[in-house]
Amino acid sequence: MNEKIEKLINDKGLRLDGRKPEELRPIKIEVGVLSNADGSAYIQQGKNKILAAVYGPKELHPKHLALPDRTVLRCRYHMAPFSVQERKSPAPSRREIELSKVIREALEPSLFLEYYPRTAIDIFIEVLQADGGTRCASITAASLALADAGIPMRDLVAACAAGKVDDTIVVDLMDAEDKKGTADVPVALMPNFNAITLLQMDGDLTMKEFEKAFNMALEGCRKIYTLQKEALKAKYLNVKEVEE
Amino acid sequence: MNEKIEKLINDKGLRLDGRKPEELRPIKIEVGVLSNADGSAYIQQGKNKILAAVYGPKELHPKHLALPDRTVLRCRYHMAPFSVQERKSPAPSRREIELSKVIREALEPSLFLEYYPRTAIDIFIEVLQADGGTRCASITAASLALADAGIPMRDLVAACAAGKVDDTIVVDLMDAEDKKGTADVPVALMPNFNAITLLQMDGDLTMKEFEKAFNMALEGCRKIYTLQKEALKAKYLNVKEVEE
Amino acid sequence: MNEKIEKLINDKGLRLDGRKPEELRPIKIEVGVLSNADGSAYIQQGKNKILAAVYGPKELHPKHLALPDRTVLRCRYHMAPFSVQERKSPAPSRREIELSKVIREALEPSLFLEYYPRTAIDIFIEVLQADGGTRCASITAASLALADAGIPMRDLVAACAAGKVDDTIVVDLMDAEDKKGTADVPVALMPNFNAITLLQMDGDLTMKEFEKAFNMALEGCRKIYTLQKEALKAKYLNVKEVEE
Amino acid sequence: MSSIIVRVKQKQISQLVSKGKRLDGRGLTDYREIKIEQGVVEKAEGSARVLLGKTEVMAGVKLEIGQPFSDTPNEGVLTVNAELVPLASPTFEPGPPDENSIELARVVDRGIRESKAIELEKLCIEPGKKVFVVFVDIYVLNHDGNLIDASALAATAALLNTKMFNYEIEDGEVKIKPGFSPLPIRKHPVAITFAKINNTLIVDPWLEEEQTMDARLTITVDDEGKICAMQKGGSGYFTPKQVLEAAKIAKEKAEEIRKKLNW
Amino acid sequence: MSSIIVRVKQKQISQLVSKGKRLDGRGLTDYREIKIEQGVVEKAEGSARVLLGKTEVMAGVKLEIGQPFSDTPNEGVLTVNAELVPLASPTFEPGPPDENSIELARVVDRGIRESKAIELEKLCIEPGKKVFVVFVDIYVLNHDGNLIDASALAATAALLNTKMFNYEIEDGEVKIKPGFSPLPIRKHPVAITFAKINNTLIVDPWLEEEQTMDARLTITVDDEGKICAMQKGGSGYFTPKQVLEAAKIAKEKAEEIRKKLNW
Amino acid sequence: MSSIIVRVKQKQISQLVSKGKRLDGRGLTDYREIKIEQGVVEKAEGSARVLLGKTEVMAGVKLEIGQPFSDTPNEGVLTVNAELVPLASPTFEPGPPDENSIELARVVDRGIRESKAIELEKLCIEPGKKVFVVFVDIYVLNHDGNLIDASALAATAALLNTKMFNYEIEDGEVKIKPGFSPLPIRKHPVAITFAKINNTLIVDPWLEEEQTMDARLTITVDDEGKICAMQKGGSGYFTPKQVLEAAKIAKEKAEEIRKKLNW
């Protein structure tokens with residue numbers, strides 16, 4: 001309850017969970033995990049457990065919301081009531097509504113939305129357990145779910161945060177670091193285009209510190225991008241095996 | 001307030017209101033009581049006072065909710081704020097939403113919904129006073145309101161509960177029996193088809209007890225069916241008298 | 001907080017703010033104050049500060065709400081959270097919903113709604129500071145915003161309240177008079193037609209007192225009508241100057 | 001009913017009114033028959049059912065213990081709510097209260113509140129902390145016009161029928177004692193509603209007259225003939241002369257109704 | 001899937017059932033494979049993930065300190081909620097709980113409550129004032145039919161997995177002590193759901209069978225073979241004979257499942 | 001405006017920007033004229049009206065006594081809310097806050113909160129029990145682009161204008177004493193918003209530039225030139241180089257604005 005974490009970085013420069021500042025948490029990604037969705041992915045990043053599903057392109061009701069020249073991309077980021085320490089009401093919070101927006105805008109640049117005029121694509125993200133950095137892990141998973149659904153895309157979007165804890169710039173903050181740390185910079189990247197599609201920040205950083213954190217987050221994105229591609233390949237190979 | 005009812009069945013085997021286990025409460029039914037509705041009925045069962053009204057078949061808005069091959073049956077079971085001991089908020093509770101669903105599904109088998117494609121039929125039920133067994137009394141009244149509206153039907157639906165209080169199986173539980181008793185089995189029946197259209201249960205019954213309660217509830221339904229037909233006849237005769 | 005105002009009318013027959021019973025508060029009106037709205041007006045009446053904007057005639061969604069023979073007039077009266085002593089939730093209160101209705105019905109008689117079938121006209125009123133009599137000041141401003149939007153009208157609608165404080169009939173009640181007084185009679189008038197388009201009352205008035213208050217309110221409306229026309233002229237002249 | 005028939009009927013109603021007549025045979029200032037039945041809901045602290053012609057309204061009163069408003073620490077709290085439940089009319093829809101039900105509740109509320117009908121100061125249990133909250137729930141069961149007057153009658157009838165449990169304070173807790181007392185009522189406000197049709201005032205409009213009217217005016221009058229609430233409705237207007245004429249008639253009709261009801 | 005294919009498939013399912021067969025090779029009273037994984041959400045006091053064929057349901061349990069209901073001052077409070085989150089099915093939409101999720105939650109709730117599965121009387125901290133509130137949140141992740149049975153299994157499995165922190169009362173305040181105790185569970189209710197297709201009963205319908213069925217009947221049975229909850233759903237009906245037959249089968253299947261799960 | 005005219009204008013804006021010019025004559029990193037009026041709502045504890053070109057935003061501050069958050073028992077509470085009231089733009093609709101107004105409020109909130117602009121620890125009345133709650137309500141009155149920067153300015157200006165009543169604690173109750181003190185403010189965060197048009201960054205986009213831009217980036221800078229909040233918006237992207245360039249410009253512009261405003 002009111003446990004006090006004295007130090008987030010120990011004398012050896014290691015973090016609470018033993019990581020080095022530039023080290024990501026263990027990440028497990030799986031693509032195509034839900035049978036009903038057109039595309040889906042599951043990610044474990046540290047204790048984060050997140051499912052993303054994509055439905056569409058599909059018809060849009062009511063019709064006057066449809067766009068004549070592109071698909072309408074919709075996104076819902078949602079946390080399970082049991083995903084956090086104190087039970088969360090299932091009604092969408094202001095935080096969830098904001099994150100749904102920035103996640104959608106992080107994925108939009110990667111898609112050819114003009115291919116499917118008058119339709120909608122729905123992205124549903126469910127956080128089953130939250131442990132810091134859920135918006136980034138959600139983007140990472142949702143981009144794979146879009147790929148799994150066969151939505152044409154320019155590049156995958158990989159996301160990762162960096163921040164400052166105890167005056168040290170570290171990557172991929174876990175919950176305790178997020179809460180007790182002094183800054184958090186979540187970033188999403190389309191690596192092949194060097195394109196930042198999400199960038200938020202809260203905290204207190206000098207220009208230099210920001211630049212360091214920003215670059216560390218970008219490096220994290222690139223590592224995660226590799227894992228994304230492996231997860232896609234794993235599914236593709238499995239499918240081929242099944243088909244043969 | 002915290003009055004304790006010691007015994008629900010007295011030494012003579014009689015219930016709090018003097019009824020025998022297999023005895024229904026006094027029932028008064030009236031058909032065609034509201035001038036605006038296409039059909040309506042009023043039921044008093046013990047202290048229950050319930051109005052049911054039917055509007056339709058009618059156009060459905062928004063149109064994409066309409067079905068090409070049948071009418072959409074909608075049902076709202078609602079309690080007046082003053083119908084129960086502690087004032088009830090007029091916003092629909094979870095209980096009211098569930099009961100609206102099971103009541104609708106209890107009435108649906110009795111109707112030829114395919115006669116009116118692309119339309120809607122609305123059933124509105126208002127509990128003015130509640131005294132245990134409102135869902136059954138609501139079904140009994142709503143089926144009559146449907147008949148009064150001239151909706152073609154296979155049979156009337158009559159409903160009645162049975163349950164267990166103080167180890168005795170009894171029919172048509174009143175409020176105190178419902179709350180202090182150990183089981184409640186509401187049943188709806190189309191007597192001519194021997195068709196169970198509503199069946200719920202909560203409590204704690206052996207197979208034998210359940211069978212006894214179930215049969216007692218069915219017997220109750222049949223008695224109520226007779227009263228339903230009398231009420232319809234009463235209205236029909238009145239109308240004829242008026243017309244002559 | 002629980003300051004007690006002993007007397008609302010002093011020995012000289014003057015009110016808390018020094019006004020005579022039949023004296024209006026200082027009024028400042030400006031037309032065409034918002035660049036996005038089709039028409040707009042701003043009113044200061046005592047400490048009341050109110051903005052009104054008009055959008056339309058415009059298309060109506062969903063379309064089945066449109067009327068084949070006239071425009072649909074919609075009105076939203078809304079108070080800013082900081083406009084009153086105790087912060088007001090931004091969600092519309094029951095009072096705001098009622099006032100939106102009566103204000104709409106006060107403006108409707110002045111408009112030729114049949115000129116624009118199948119369309120909607122929206123009136124948005126924002127009370128930035130409230131000091132008693134906001135509904136009347138809102139009508140005064142909204143009627144000018146309609147004129148500014150070029151909506152064809154029979155006459156401007158001017159509104160003013162009268163009431164009873166300390167047994168004296170007074171016009172244009174301020175907040176303290178409204179709350180501590182014993183009656184309030186808000187009235188809206190189309191002066192050229194001698195047409196009362198809003199009339200409400202709460203309090204406790206004999207027939208004679210009512211008649212006096214009613215006439216005083218009508219007289220107030222006529223004075224405000226003059227100010228409305230001046231404000232329109234001021235805008236019209238400014239525009240002409242700019243155009244030349 | 002098709003809209004052509006509606007228009008023909010509206011024309012007929014309008015023409016009749018200009019001749020001082022009404023489609024149902026009433027005179028211009030005649031009310032429909034008023035039937036009141038009290039105590040219809042035994043589980044409520046008070047209740048009444050009102051028939052005004054075919055318009056049917058129920059009102060139920062529930063009492064709860066709650067907090068007073070900070071500016072009236074010594075008074076009970078009155079809360080009036082109205083539900084236009086969809087079984088009463090094809091034009092009523094399920095859902096949260098709309099502007100019509102809110103206006104209805106607030107007009108009835110003002111009549112009771114401004115006439116000081118309930119002796120709210122007698123409903124204080126512990127000043128600033130505990131008072132009785134009086135919930136008046138208006139339930140429209142059949143809408144055949146003039147809901148305001150019917151609802152106001154039902155509310156007052158239900159309040160007159162309301163029993164409060166006896167209690168005493170013991171260690172700051174409310175202890176219920178045996179027996180009941182009537183809710184203290186000092187006034188009987190009566191709402192009189194006018195419709196303006198063809199520039200003529202009629203009272204107690206029924207549904208088809210409401211569909212024909214240009215505007216509506218309600219005047220609520222207390223036992224001493226004072227006006228305690230007014231509300232204009234509808235998209236038309238009244239002349240000042242019509243308003244004063246209506247006020248005069250309202251005073252007479254309210255007295256007449258109060259006499260009939262022994263209020 | 002186009003509606004023609006759907007209808008062909010429904011016909012096929014219906015014809016097979018009348019021959020005692022099912023499209024996926026099961027017998028009429030066979031369940032799909034049941035897989036249960038407990039403790040999948042470490043941040044919850046208890047959790048479980050259930051696979052019933054391809055139907056996937058998660059349940060999480062959170063404990064909070066709250067007030068008891070006034071009629072059970074010595075008992076903890078059980079609250080069951082179900083979310084049909086839109087990633088689980090193209091037919092689920094975001095928004096507040098609809099009638100389907102409310103029915104699902106309430107049927108699961110009744111099974112737990114009526115069988116007295118949780119020893120709620122052991123969850124009282126201070127009579128009338130402070131008790132544990134047990135939130136069971138059911139989260140449907142993939143809908144391939146028979147959500148009720150899968151959800152009921154997930155709820156019970158999550159409750160069995162739930163740890164309560166130890167505590168002592170100090171000056172009326174709850175002080176947390178080191179260590180955990182299991183939530184006291186005394187019963188393991190199992191819900192058995194039947195579908196009626198072509199006038200024949202089958203158990204554990206999957207999605208396409210649900211789309212074909214006339215009606216649904218759920219019977220929840222406790223460890224002693226007693227019925228603790230029933231719920232008929234769907235727009236069809238059952239005969240009395242079918243109901244009694246279903247009750248008999250439910251008792252057997254529940255025992256079978258309980259044995260398989262070591263409950 | 002018809003969509004053809006819109007597209008022509010967007011093309012024009014885009015081509016101008018690539019030549020370092022803007023339709024309204026500004027340089028790429030020039031702000032529109034900023035006008036601030038404080039104390040415009042006397043009934044609020046603090047208020048300000050900001051004109052940024054034709055964009056008009058009002059902010060009002062109300063203080064209430066409430067409970068602290070359990071993890072910061074010694075600090076006051078800050079709550080920022082934004083209303084995009086429909087009179088400000090044809091694209092704003094009445095109703096509960098949508099994603100745009102929530103994002104606006106949260107970005108402004110983060111700037112104030114993360115820069116520790118308010119000395120919240122001075123707003124504690126009784127640790128863990130009673131603190132001041134600071135409500136900042138942002139009210140957009142005319143939308144001509146760059147609502148974030150205008151709202152952030154209005155919020156800070158309103159906070160600087162806020163008076164707290166003096167009080168003393170007597171028997172655990174807050175007693176109001178005569179006089180007022182200013183709300184303790186230690187920082188003046190300034191939000192600088194960039195639009196990316198034709199792969200070029202501009203600051204303070206007005207409405208038609210926003211309709212043309214690919215993406216938006218807000219960087220909030222405190223009095224010491226530190227970044228305290230960032231937010232990318234829109235369906236486009238930025239390169240890492242653009243982000244760092246923006247950060248540099250933001251620092252300069254924030255200092256410039258703070259100097260101009262004497263903050």
Side-chain angles (χ1 to χ4, degrees), chain B residues 1-3 32-42 44 46-56 58-59 61 74-92 96-97 100 120 122-132 134 138 141-142 145 149 175, chain D residues 39-49 51 53-56 58-66 79-97 101 105 133-145 154 158 161-162 165 167 174-176 206-207:
Chain B
M1 292 261 150
N2 40 15
E3 34 166 335
V33 293
L34 297 173
S35 66
N36 284 328
D38 295 318
S40 61
Y42 174 71
Q44 277 191 22
K47 286 189 187 166
N48 287 316
K49 297 185 178 184
I50 298 169
L51 267 173
V54 168
Y55 285 89
K58 61 182 193 184
E59 257 189 279
H61 290 290
R74 298 184 295 193
C75 175
R76 187 176 106 127
Y77 164 95
H78 189 238
M79 300 183 92
F82 45 75
S83 64
V84 281
Q85 210 56 50
E86 209 165 319
R87 181 179 184 267
K88 198 210 143 284
S89 154
E96 283 169 299
I97 291 170
S100 296
D122 278 317
I123 304 168
F124 298 118
I125 295 161
E126 291 292 339
V127 178
L128 303 174
Q129 183 161 263
D131 191 40
T134 59
S138 294
D175 200 26
Chain D
V40 288
V41 179
E42 300 92 325
K43 295 214 170 183
E45 275 77 14
S47 62
R49 182 170 160 265
L51 277 164
K54 286 197 286 186
T55 286
E56 182 173 351
M58 218 159 166
V61 177
K62 301 293 290 181
L63 297 180
E64 286 181 15
I65 294 174
T79 297
V80 179
N81 180 56
E83 295 285 312
L84 303 180
V85 289
L87 59 62
S89 165
T91 62
F92 295 170
E93 303 211 354
S101 62
V133 181
V134 182
F135 285 98
V136 178
D137 279 290
I138 291 164
Y139 229 63
V140 174
L141 298 179
N142 200 56
H143 174 23
D144 197 42
N161 175 247
T162 300
F165 56 81
Y167 68 93
V174 176
K175 287 262 177 181
I176 291 163
W206 61 291
L207 191 58

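A note on names: the letters A, B, ... follow the listed sequences, proteins ahead of strands, and every chain is numbered from 1. For clarity, every value in this text was computed on a predicted model and none was experimentally measured.
By the 30° and 60° cut-offs, the orientation of the rings of D/F92 relative to D/H143 is parallel.
Proximity to chain B involves both the backbone and the side chain of D/P86, based on heavy atoms less than 4.5 angstrom apart. When heavy atoms are compared at a cutoff of 4.5 Å, D/K43 approaches chain B by way of both its backbone and its side chain. Heavy atoms closer than 4.5 Å to chain D are found in the backbone of B/S83, but not in its side chain. Heavy atoms closer than 4.5 Å to chain D are found in the backbone of B/V84, but not in its side chain. Of the atoms belonging to B/A80, heavy atoms from both backbone and side chain fall under 4.5 Å from chain D. With a 4.5 Å cut-off on non-hydrogen atoms, B/N48 does not touch chain D at all. Neither the backbone nor the side chain of D/L63 comes within less than 4.5 Å of any heavy atom of chain B.
Of all the listed residues (D/P97, D/P90, D/A44), the one sharing the greatest number of non-hydrogen pairs under 4.5 Å with chain B is D/P90. Residue with the most contacts toward chain D among B/A52, B/A145, B/P90: B/P90 (heavy-atom pairs, distance under 4.5 Å).
Summarising the local packing, CD of D/E64 is surrounded by more than 12 heavy atoms from other residues, nucleotides or ligands at distances under 6.0 Å.
A salt bridge links B/E126 with B/R76: at least one charged nitrogen is closer than 4.0 Å to a carboxylate oxygen. Using a 4.0 Å cut-off between a side-chain N of Lys or Arg and a carboxylate O of Asp or Glu, D/E42 and B/K49 qualify as a salt bridge. Between B/K58 and B/D38 there is no salt bridge, since no side-chain nitrogen of the basic residue lies less than 4.0 Å from a carboxylate oxygen of the acidic one. Of the charged side-chain nitrogens involved, none lies within less than 4.0 Å of a carboxylate oxygen, so that D/D137 and B/K88 do not count as a salt-bridged pair.
A ring-centre distance under 6.0 Å is found for B/F82 and D/Y139.
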